Number of protein chains: 2
Amino acid sequence: MRNEHVKDVTIKDIAQHLGISHPTVSRALRDHPSIRAETRLAVKEAARQLGYIANSGARTLSRTRSELIGVIFPDVQNDFYSRTMSTLASMFLERGFKLVLATSEDSAETEFKHIQSLREARVAGVIIAPTANLKNESVELLRSIPTVQLLRSHPLLECSIIKLDERSGIATAMEHLIEKGHSRIGFIGGSGTLSTGVDRAAGYIDALQGHGIPLMRALLRQGPPRPHFGYQAMSDMLSMKAPPSAVVMASSELTLGGIEAIQERKISVPADLALIAYHDPAWFKLWGAGITCLRLPIEQMAAAAAMRLLNQILADAKSPMCAGSETLDADTPFASQLVVRGTT
Amino acid sequence: MRNEHVKDVTIKDIAQHLGISHPTVSRALRDHPSIRAETRLAVKEAARQLGYIANSGARTLSRTRSELIGVIFPDVQNDFYSRTMSTLASMFLERGFKLVLATSEDSAETEFKHIQSLREARVAGVIIAPTANLKNESVELLRSIPTVQLLRSHPLLECSIIKLDERSGIATAMEHLIEKGHSRIGFIGGSGTLSTGVDRAAGYIDALQGHGIPLMRALLRQGPPRPHFGYQAMSDMLSMKAPPSAVVMASSELTLGGIEAIQERKISVPADLALIAYHDPAWFKLWGAGITCLRLPIEQMAAAAAMRLLNQILADAKSPMCAGSETLDADTPFASQLVVRGTT
DNA sequence: CTGTTAGCGCCTTCAA
DNA sequence: TTGAAGGCGCTAACAG
């Protein structure tokens with residue numbers, strides 16, 4: 001223990017130690033071209049010996065922008081977000097950025113607080129999966145930070161979006177079920193206030209219409225994308241007089257709850273009920289004969305978001321006043337892939 | 001888009017706007033006691049109107065310590081760490097700290113890089129699950145930051161540890177299996193270079209000895225705590241001439257791989273093979289008739305780590321030179337709890 | 001209660 | 001190639 005509370009050594013200390021000026025030290029440390037190789041080496045050696053540790057706060061102060069990237073996700077327990085974090089972490093680390101993780105818990109208020117403190121930290125950029133009812137103040141703050149929306153998007157946020165083609169993903173799943181002869185198909189998805197909730201439900205409705213199957217209100221359930229709601233919705237559907245013969249669960253968290261309800265009632269899958277889930281966490285292939293699902297290109301999406309943000313940050317640094325580089329926003333949505341397994 | 005690159009409003013601007021001095025503004029903003037309520041309100045109002053956004057870097061500069069907490073975990077895909085993150089996030093947010101997440105990927109080198117940049121950011125504290133071969137430079141750097149080790153610990157790190165009683169946890173699991181009549185019990189755990197790997201294996205060995213069961217080398221497998229190794233080890237064991245009748249899998253990631261190997265060989269559980277896993281991610285209760293496991297008190301551990309760190313930070317702020325407050329390190333290990341389900 | 005003054009550590013002109 | 005001077009935004013010590 002005993003933290004040695006000696007004051008940190010600064011570039012001035014190094015300068016003094018070497019009998020030169022601090023600006024020279026500063027330049028040497030950053031490999032500034034106009035510095036003699038000799039002095040550069042001497043400086044670096046001295047820095048090492050004295051145990052110099054740069055002060056990123058001070059650097060930020062004189063530069064106006066830090067090397068921090070804020071990541072605002074609803075939570076990290078969700079497999080999608082935690083895997084995304086991994087990719088983002090490695091991509092940004094390589095480029096000298098650090099990630100600050102902020103979890104909104106789907107509360108617009110905590111989301112706002114986070115955005116505020118990220119703004120205070122002068123983060124270089126933000127990657128966000130916004131909450132449904134993003135506050136105006138949040139929008140306002142984000143206006144001054146290069147931002148990229150990932151997976152979810154919010155209408156008020158005028159920034160790049162890296163998204164999935166949710167509708168056609170669900171459409172594919174529906175095709176699959178319909179081909180298998182199902183027509184009483186249920187859908188359990190995220191709230192209609194979330195962009196993903198809306199889009200996935202739309203895909204479901206489209207598919208039904210496309211095949212002339214009437215939409216039954218009781219078979220379309222939307223709510224908070226958490227296990228609890230999945231359990232609830234599935235239980236409800238299973239207690240109907242005429243329950244569905246297949247169900248699409250539009251999120252892995254909902255699936256967790258949905259399956260619990262199914263097991264509780266000892267319903268056999270896929271004999272009595274076919275199932276398609278969204279996303280493909282590791283355990284899906286282990287459950288029974290495997291859960292049929294739509295696999296999302298997580299790594300690619302994360303990488304795309306990172307690159308997009310890096311570009312924006314760069315463009316921003318070059319021509320801070322210029323508002324023209326909107327060419328980046330060619331929002332080509334990513335496609336999910338149907339993985340057929342034992343539940344259908 | 002169009003980031004408005006107007007220079008940020010500072011306390012000086014507010015001061016000028018109000019015809020007072022910046023220190024007064026600074027104090028008012030921070031609710032300093034010796035400020036007239038009237039001026040405080042005026043300042044806050046002006047700040048709001050002018051769109052003032054504090055600069056945390058500048059604050060850190062004049063205070064020497066930021067409001068950032070570094071969290072260094074091997075990865076966040078692991079359910080244990082992602083759930084811990086959630087708890088830490090909310091605990092620290094409430095107290096005005098921000099979390100910087102750094103994933104080491106179990107590489108001592110990236111771990112070092114992260115520690116270095118956290119040190120450069122003058123983080124207020126660090127919570128870490130160290131890699132097996134933590135570098136000396138890392139130890140050196142951490143010496144000057146309040147640090148708490150969580151779950152894993154490293155001998156060179158002289159700081160608080162929040163840990164689990166790994167040995168007795170495994171012992172409980174072994175008791176359970178032995179009671180059920182098993183004596184050929186396999187163990188698949190993390191590498192012997194990890195503290196958790198060592199302790200859990202020790203628990204296994206202890207239990208065997210305690211019951212006069214000879215230790216068979218082939219039934220004790222340790223390696224990287226990832227699905228791939230779990231798969232490998234389980235496959236090996238199942239191909240033995242005399243395979244075990246029960247296996248303890250000492251991590252949820254290993255379990256993922258282990259179960260895959262089991263399913264591939266169509267071994268029936270628990271008839272042909274009993275199983276106990278470590279940790280209790282949500283899907284364990286859904287697999288078959290549920291996976292028997294040791295549930296870890298994640299939230300409590302995370303909360304304890306947070307409190308411990310906060311105390312250290314506080315103590316550190318009060319008496320920076322004093323080396324005496326080691327009383328905090330009463331390392332009472334947490335206990336895991338056996339959850340009996342269908343695999344035993 | 002409030003203003004003055006003086007840094008925190010670094011970077012960036014401008015000169016030399 | 002290097003040094004001198006000034007400022008980034010904020011807090012703190014000391015006056016008043």
Side-chain angles (χ1 to χ4, degrees), chain A residues 5-44 46-47 50-67 117 119-123 144 317 320, chain B residues 5-44 46-47 50-67 96 117 119-124 144 317 320:
Chain A
H5 266 271
V6 197
K7 248 183 34 188
D8 287 333
V9 339
T10 72
I11 53 172
K12 284 189 185 170
D13 297 326
I14 299 178
Q16 188 170 2
H17 179 82
L18 255 40
I20 59 179
S21 72
H22 28 128
T24 301
V25 174
S26 168
R27 290 189 271 248
L29 253 20
R30 286 175 298 141
D31 295 313
H32 188 101
S34 65
I35 281 287
R36 217 187 337 157
E38 196 177 332
T39 55
R40 175 157 43 77
L41 290 178
V43 168
K44 291 200 172 175
L50 301 180
Y52 169 74
I53 294 166
N55 185 322
S56 49
R59 184 181 307 130
T60 303
L61 191 54
S62 44
R63 296 229 263 224
T64 72
R65 204 96 287 180
S66 77
E67 67 288 330
S117 78
R119 183 69 182 73
E120 289 183 358
R122 300 299 186 266
V123 292
S144 58
Chain B
H5 267 271
V6 197
K7 247 181 35 187
D8 287 333
V9 175
T10 74
I11 54 171
K12 285 190 186 170
D13 297 327
I14 299 178
Q16 187 171 2
H17 179 82
L18 255 42
I20 58 179
S21 72
H22 29 127
T24 300
V25 174
S26 170
R27 290 188 273 249
L29 254 18
R30 285 175 298 141
D31 295 313
H32 188 100
S34 64
I35 280 285
R36 217 191 334 160
E38 195 178 332
T39 55
R40 176 158 42 77
L41 290 176
V43 167
K44 291 199 172 174
L50 301 180
Y52 169 73
I53 295 166
N55 184 323
S56 49
R59 182 180 307 132
T60 302
L61 191 54
S62 45
R63 296 230 263 221
T64 72
R65 205 95 289 179
S66 76
E67 67 289 332
S117 78
R119 182 70 182 71
E120 290 183 358
R122 300 298 186 269
V123 291
S144 57

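Throughout, protein chains are lettered first and strands after them, A, B, ... in sequence-line order, and every chain is numbered starting at 1. Bear in mind that the values here come from a model prediction, so they are computed numbers and not experimental data. Computed from heavy atoms alone, side chains included, the values below leave out hydrogens, waters and symmetry copies.
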Visitor: Which whole-number value in Å describes the distance from B:I20 CD1 to C:dG3 C1'?
Guide: 10 Å
Visitor: C:dG3 C1' sits how many Å from B:H22 NE2, rounded?
Guide: 9 Å
Visitor: Can you work out whether B:A37 or B:T64 has the more 5'-proximal nearest nucleotide on DNA chain C?
Guide: B:A37
Visitor: Which part of the nucleic acid, if any, lies within contact of B:I11, taking any heavy atom under 4.0 Å across all strands shown: a base, the sugar-phosphate backbone alone, or nothing?
Guide: base
Visitor: Categorize B:T39 for me: base, sugar-phosphate, or nothing, with a 4.0 angstrom heavy-atom threshold over every strand shown.
Guide: sugar-phosphate
Visitor: Identify whether any heavy atom of A:L61 sits under 4.0 Å from a base atom; if not, whether one sits that close to sugar-phosphate; answer base, sugar-phosphate or nothing.
Guide: base
Visitor: Considering non-hydrogen atoms only, spot the tightest contact between A:E67 and A:S56 and give its length.
Guide: OE2-CB, 3.5 Å
Visitor: Establish, with yes or no, whether the OP1 or OP2 oxygen of C:dC11 is under 4.0 angstrom from a side-chain nitrogen or oxygen of A:S26.
Guide: yes
Visitor: Hey, which sits more toward the 5' end of DNA chain D by its nearest nucleotide, B:R30 or B:N55?
Guide: B:N55
Visitor: Please report the shortest heavy-atom distance between B:K44 and B:D31, naming the atom on each side.
Guide: NZ-OD1, 2.8 Å
Visitor: In Å and rounded to the nearest 0.5 Å, what is the CZ to CG distance from B:R59 to A:L61?
Guide: 12.5 Å
Visitor: Provide, to the nearest angstrom, the distance between the CZ atom belonging to A:R65 and the C1' atom belonging to C:dC10.
Guide: 18 Å
Visitor: Under 3.5 Å, is there any donor-acceptor pair linking the side chain of B:R122 to the base of C:dG9?
Guide: no
Visitor: Can you see which heavy atom on B:S66 is nearest to which on B:A121, and at what distance?
Guide: OG-O, 3.5 Å
Visitor: Once rounded to the nearest 0.5 Å, what's the spacing between atom OG of B:S34 and atom CZ of B:R27?
Guide: 6.0 Å
Visitor: How many Å lie between CD1 on B:I14 and P on C:dG3, as a whole number?
Guide: 14 Å
Visitor: It should be established whether A:R59 places a side-chain nitrogen or oxygen under 4.0 Å from OP1 or OP2 of nucleotide C:dC10.
Guide: no
Visitor: Does a side-chain N-to-carboxylate-O contact under 4.0 Å join B:R122 and A:D8?
Guide: yes
Visitor: So if I take every side-chain heavy atom of A:K12 and compare against C:dC1, C:dC8, C:dT4, which nucleotide ends up nearest?
Guide: C:dC8
Visitor: Any side-chain N or O of B:S21 less than 4.0 Å from the OP1 or OP2 oxygen of C:dG3?
Guide: yes
Visitor: Consider the side chain of A:R27, meaning its heavy atoms from C-beta on, and name the nucleotide among C:dT13, C:dC8, C:dC11 that approaches it most closely.
Guide: C:dT13
Visitor: Shortest non-hydrogen contact from B:H17 to B:A46?
Guide: CD2-CB, 4.1 Å
Visitor: Going 5' to 3' along DNA chain D, which nucleotides are the first and last within contact of chain B (any atom under 4.0 Å from a heavy atom)?
Guide: D:dG9 to D:dA13
Visitor: Both B:T24 and B:S62 contact DNA chain C. Which one's nearest nucleotide lies toward the 5' end?
Guide: B:T24
Visitor: Distance check, rounded to the nearest 0.5 Å: A:I14 atom CD1 versus A:K12 atom NZ?
Guide: 13.0 Å
Visitor: Provide, to the nearest angstrom, the distance between the CG atom belonging to A:D13 and the C1' atom belonging to C:dC8.
Guide: 13 Å
Visitor: Whole angstroms only, please: what is the CD1-P distance between B:I35 and C:dG3?
Guide: 8 Å
Visitor: According to a strict under-4.0 Å criterion, is B:S34 in side-chain N/O contact with OP1 or OP2 of C:dT2?
Guide: no
